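Each remark here refers to the structure printed beneath this line.
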Amino acid sequence: MSILDWFLDPAQWAGADSIPVQVGYHLLYSGTALLVALAIAVPLGVYIGYTGRGELLVAGAANALRALPTFGLLVLVVMLVAPLVGSRLAFVGPTIVVLVLLAVPPILSGTVAGIQGADPGAVGAARATGYTRPQILWHVQVPCALPLFLSGIRNATLQIVSTATVAAYVSLKGLGRYIIDGRASSDYTQMAAGAVLVAVVALVLELAFLGLGRAVVSPGLTRNPLPTCRRTRTVRPDLVPPSTPRKAAS
Amino acid sequence: MITFEHVSKVYPDGTHAVHDLTFDAPSGRLTVLVGPSGCGKTTSMRMINRLIDPTDGVVSLDGQDTRSVDAIELRRKIGYVIQSAGLFPHRTVVDNVAALPRLLGVGKQQARSRAMELLAKVGLDERFALRYPYQLSGGQQQRVGVARALATDPPFLLMDEPFSAVDPVVRTQLQDSFLQLQRDIGKTIVMVTHDIDEALKLGDQVAVFREGGTLAQVATPSGLLAHPADPFVADFVGASRGYRALGFVEATAPVELADEATVRVGSRPGDAGAVDDGWCVAVDDAHAPLGWVDLRAAGEVVEERHIDFSGTVARADGSLRDLLDAALSSPTGRGLVAGPDGRLRGSVVAAEVLRHVGHGREAEVSS
Ligand SMILES: Nc1ncnc2c1ncn2[C@@H]1O[C@H](COP(=O)(O)OP(=O)(O)O)[C@@H](O)[C@H]1O
Ligand SMILES: [Mg+2]
C-alpha cells in the first residue's frame with residue numbers, strides 16, 4: 001500500500017482513531033504546553049528584560065534545558081508521577097511538563113533579547129521627554145520586542161509540535177501513535193504517514209506565524225513596506241485635518 | 001531662563017565631567033555649549049532635565065530649582081533632540097510626533113493634525129508623514145526629531161549635536177531652516193556642538209568649554225571673535241576668526257554698487273546691450289541673478305551651460321563677510337548683490353567692501 005493509498009483510505013478519516021482526532025490531540029497537547037510555557041516565560045522575560053536582573057540565569061537555564069534528553073526526562077517524570085496520581089493524568093501531566101520545559105528557553109530568551117534590544121536611541125528619547133519607566137516598557141520596548149518575541153514563540157511551537165510525538169510512548173494519542181504503532185507492526189507506510197502529518201501541521205503553524213507577524217509587528221520594524229493603498233486606506237481618513245472644522249460642517 | 005549655579009558633576013568612577021559651572025541661558029534665546037569632545041557639554045545639558053543629577057550646585061528653570069520638581073513633570077516641559085534623532089522605529093513619522101501628546105491624553109485626531117502642522121513647520125513634506133523612520137534620510141529624520149520635540153509646545157528645548165550626523169550640505173540646510181523656525185517660535189534653547197562654526201552661526205550666546213569641564217568664556221558670537229578671553233578660546237575659535245568676525249559686521253554706510261548688464265537664458269548675446277569686458281549677469285524671469293555669462297564664449301543663443309555659477313550672491317542687507325565672499329568668489333572679481341526681494345541690485349568689488357571694514361570696526365569699538 002502506497003502512502004497516498006493510506007491517506008485516501010476512508011477508514012483513516014472516521015472513527016475514534018482517525019487522522020482528525022489524532023491531529024486534534026496532537027494540537028491539544030501542544031497548545032496546552034505552549035500556553036503554560038507562555039504564562040511562565042513571558043512575565044519572567046519581561047521582568048528580566050526590564051530590570052536587567054537575572055540575565056545570567058536566562059543563559060544558564062536555556063543551555064541546561066536545551067541539553068535535557070526529552071525522552072529520558074519523560075520516562076523519569078512518568079515514573080515519579082504515576083504512583084502518585086494513578087489516572088490518565090499520570091501520563092498527560094508529565095508529557096505537558098516535558099513540552100513546557102522545551103518551550104520555555106526560546107520564549108524566554110526571545111522576550112529578554114527583544115526588550116533589551118529595543119533601539120537605545122528611541123528608549124533614551126522617551127526617557128528624556130518624560131515617559132515613565134512603565135510607559136517606556138509598554139509604548140517603546142514591548143512593540144520593538146515583538147519580532148524577536150514572535151520568533152521565540154515560533155521556535156518553541158515548532159519544537160513542541162515535533163516533540164509531542166513522545167506522548168505516544170506513554171500510551172497517549174496524537175500523531176506519535178502512527179509512528180509507534182507503525183513500528184510495532186512493521187507498517188512503514190503508517191510510520192511515514194505519521195511523519196508527513198507532523199510535517200504538515202508544523203508547516204501550517206509556520207504559515208500562521210508568518211501571518212501573525214504581519215498582523216502585529218509594525219512594518220517600521222520588519223521593514224516590509226505594506227502596499228501603499230492599504231496603508232492609506234487605514235490611516236489616511238483621520239490623519240489629514242479637514243480643511244473646514246468638522247463642527248462647522250455638521 | 002535656565003540657570004547654572006556652581007554646578008559640578010563627578011561620575012561614580014571618579015571622572016570629573018563638569019567643574020563649577022555658572023552661567024545663564026536667557027529665555028527665548030539659543031545658547032550653544034561648544035568645546036572639544038569630552039569636556040562635559042552633554043553632561044551639563046543632561047543635568048537640565050535631570051537625566052543626570054549634579055554632584056554639587058543648583059540648576060534652575062525660571063528660578064525654580066529643578067530638584068524641587070518631579071523629574072517626569074520637569075522633562076515634559078523640555079523638548080529633547082539628539083544626534084541620531086532617536087525616533088520610534090515602530091511608529092510612522094506623524095505618529096512619532098503625535099506620540100507624547102497622545103500619551104498625555106490628547107485625542108488622536110487632534111494630536112495628528114497638530115503633528116502635521118509641525119511637520120510642515122520643520123520643512124518636511126506631507127507625503128513623508130506615513131513613512132516609517134527607516135524610510136527617511138538622516139536629514140529628514142532629524143527634522144522629524146525636531147518636530148517631535150516641539151509636539152507639546154514646551155518652553156525649553158535641549159539639543160545634543162542635532163546636526164552632526166549629516167553631510168555638510170544637508171547640515172547647512174538643517175541649520176538654516178532651524179534658525180528660521182527659532183525666529184518664529186522663540187524657545188529657550190540649549191544646544192551642544194563640537195563645531196565652532198555651527199556655534200557661531202546658530203548661537204545668540206556661546207559658552208566655550210575646555211578640557212576638565214570648566215567654562216572658558218560665555219559671550220555673543222561677535223564678542224567671542226572680537227575679544228577671546230584667553231589663548232585657549234582664541235585658538236579654539238580659530239585662525240580665521242578675523243575674517244569670520246566680518247560675518248557679524250554690517251556696513252555702516254551704503255556700499256557702492258555698480259550696475260551690470262543682464263541677459264536671460266534663451267536670448268541672444270546682442271540683447272544685453274553694451275558690455276565692457278564681455279561678462280554680463282544671467283538672470284531668471286524674476287530678475288534674480290543666476291551667475292555670470294561670458295558673451296564672447298556664448299554662441300548664437302545664451303544657454304544654461306554658458307552660465308558660470310561659481311560666485312555666491314550676497315544680500316544687500318547682509319554682512320560684510322557675505323559681500324566679500326561674493327566679490328572673492330566671482331569669476332569677474334565683481335560680487336553679485338541682490339535685494340531682499342531676490343532681484344539683482346548690482347555688483348560690488350572687494351576693495352569697496354574693505355573700505356567699509358575699517359568703518360565697521362570703528363563703529364563697533366565706539367559703540
Ligand atoms: N556615565 C559616565 N560615567 C563615567 N564617565 C562619564 C560618563 N559619561 C561621560 N563621562 C565622562 O565625562 C566626561 C564628559 O563627557 P561628556 O559630557 O559626554 O562630554 P562632551 O559631551 O563634551 O563630549 C568625559 O571624560 C566622559 O568620558
Ligand atoms: Mg557630547
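Just so we're on the same page: letters track the sequence lines, and every chain starts at 1. Fair warning: this is a prediction, and the values are worked out from it, not measured in the lab.
For residues 106-134 of chain A, the set of pairs meeting the ring pair (Phe, Tyr, Trp, His ring centres under 6.0 Å) definition, not counting sequence neighbours, comprises Y131(A)-F88(B).
For chain A, no part of P133(B) is nearby; none of its heavy atoms comes within less than 4.5 Å. For R114(B), no part lies under 4.5 angstrom from a heavy atom of chain A. Heavy-atom distances place the backbone of L87(B), and not its side chain, under 4.5 Å from chain A. Using a 4.5 Å cut-off between heavy atoms, A99(B) contacts chain A through both its backbone and its side chain.
In terms of modelled atom types and a separation under 3.5 Å, the side chain of D95(B) and the main chain of A98(B) share no donor-acceptor contact. The backbone N or O of S177(B) sits nowhere less than 3.5 Å from a side-chain atom of Q180(B) that would complete a donor-acceptor pair. Side-chain atoms of Q142(B) come within 3.5 Å of backbone atoms of P162(B) as a donor-acceptor pair (strictly under, hydrogens ignored). In this structure, the side chain of R67(B) does not engage the main chain of V58(B) through any donor-acceptor pair within 3.5 Å. Judged purely by atom type and a 3.5 angstrom limit, R50(B) uses its side chain to pair as donor or acceptor with the backbone of V69(B). The backbone N or O of D53(B) lies less than 3.5 Å from a partner atom in the side chain of K9(B), making a donor-acceptor pair. Side chain of K41(B) to main chain of P36(B): a donor-acceptor pair is present (N/O by atom type, distance under 3.5 Å, no hydrogens or angles). D24(B) contributes no side-chain N or O that, together with a main-chain N or O of P26(B), makes up a donor-acceptor pair within less than 3.5 Å. When atom types are taken as modelled, the side chain of R171(B) and the backbone of V166(B) share a donor-acceptor pair closer than 3.5 angstrom. A donor-acceptor contact shorter than 3.5 Å is absent between the side chain of E5(B) and the backbone of G57(B).
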> Between Q175(B) and T172(B), does a side-chain hydrogen bond (donor to acceptor under 3.5 Å, both in side chains) hold up when you go through it step by step?
Replying inline: CA-CA 5 Å; Q175(B) 289 169 343; T172(B) 306; 4.6 Å; no

>> Go through it in stages, so that I can follow the logic: the residues are T42(B) and D160(B), the test is side-chain hydrogen bond (donor to acceptor under 3.5 Å, both in side chains), and I'd like the CA-CA distance, side-chain angles, deciding distance and then a yes or no.
In response: CA-CA 7 Å; T42(B) 297; D160(B) 194 351; 3.0 Å; yes

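Among residues 32-59 of chain A, no residue has any heavy atom closer than 4.5 Å to a heavy atom of chain B. Of residues 102-125 of chain A, those residues lying under 4.5 Å from chain B by any heavy-atom pair are D119(A), G121(A), A122(A), A125(A). Proximity to chain B at a heavy-atom threshold of 4.5 Å picks out nothing from residues 151-165 of chain A.
Counting heavy-atom pairs closer than 4.5 Å to chain A, the top residue among L103(B), D70(B), I78(B) is L103(B). Comparing T129(A), L221(A), V217(A), V140(A) by heavy-atom pairs within less than 4.5 Å of chain B, the highest count is held by T129(A). When each of R46(B), E73(B), R91(B) is scored by its heavy-atom pairs under 4.5 Å with chain A, the top score falls to R91(B).
Using a 4.5 Å cut-off on side-chain heavy atoms (C-beta onward), T31(B) and D204(B) make no contact. Side-chain contact check for H90(B) versus L146(A): every heavy-atom pair is 4.5 Å or farther apart.
Between K187(B) and D153(B) there is a salt bridge, since at least one side-chain N of the basic residue sits less than 4.0 Å from a carboxylate O of the acidic one.
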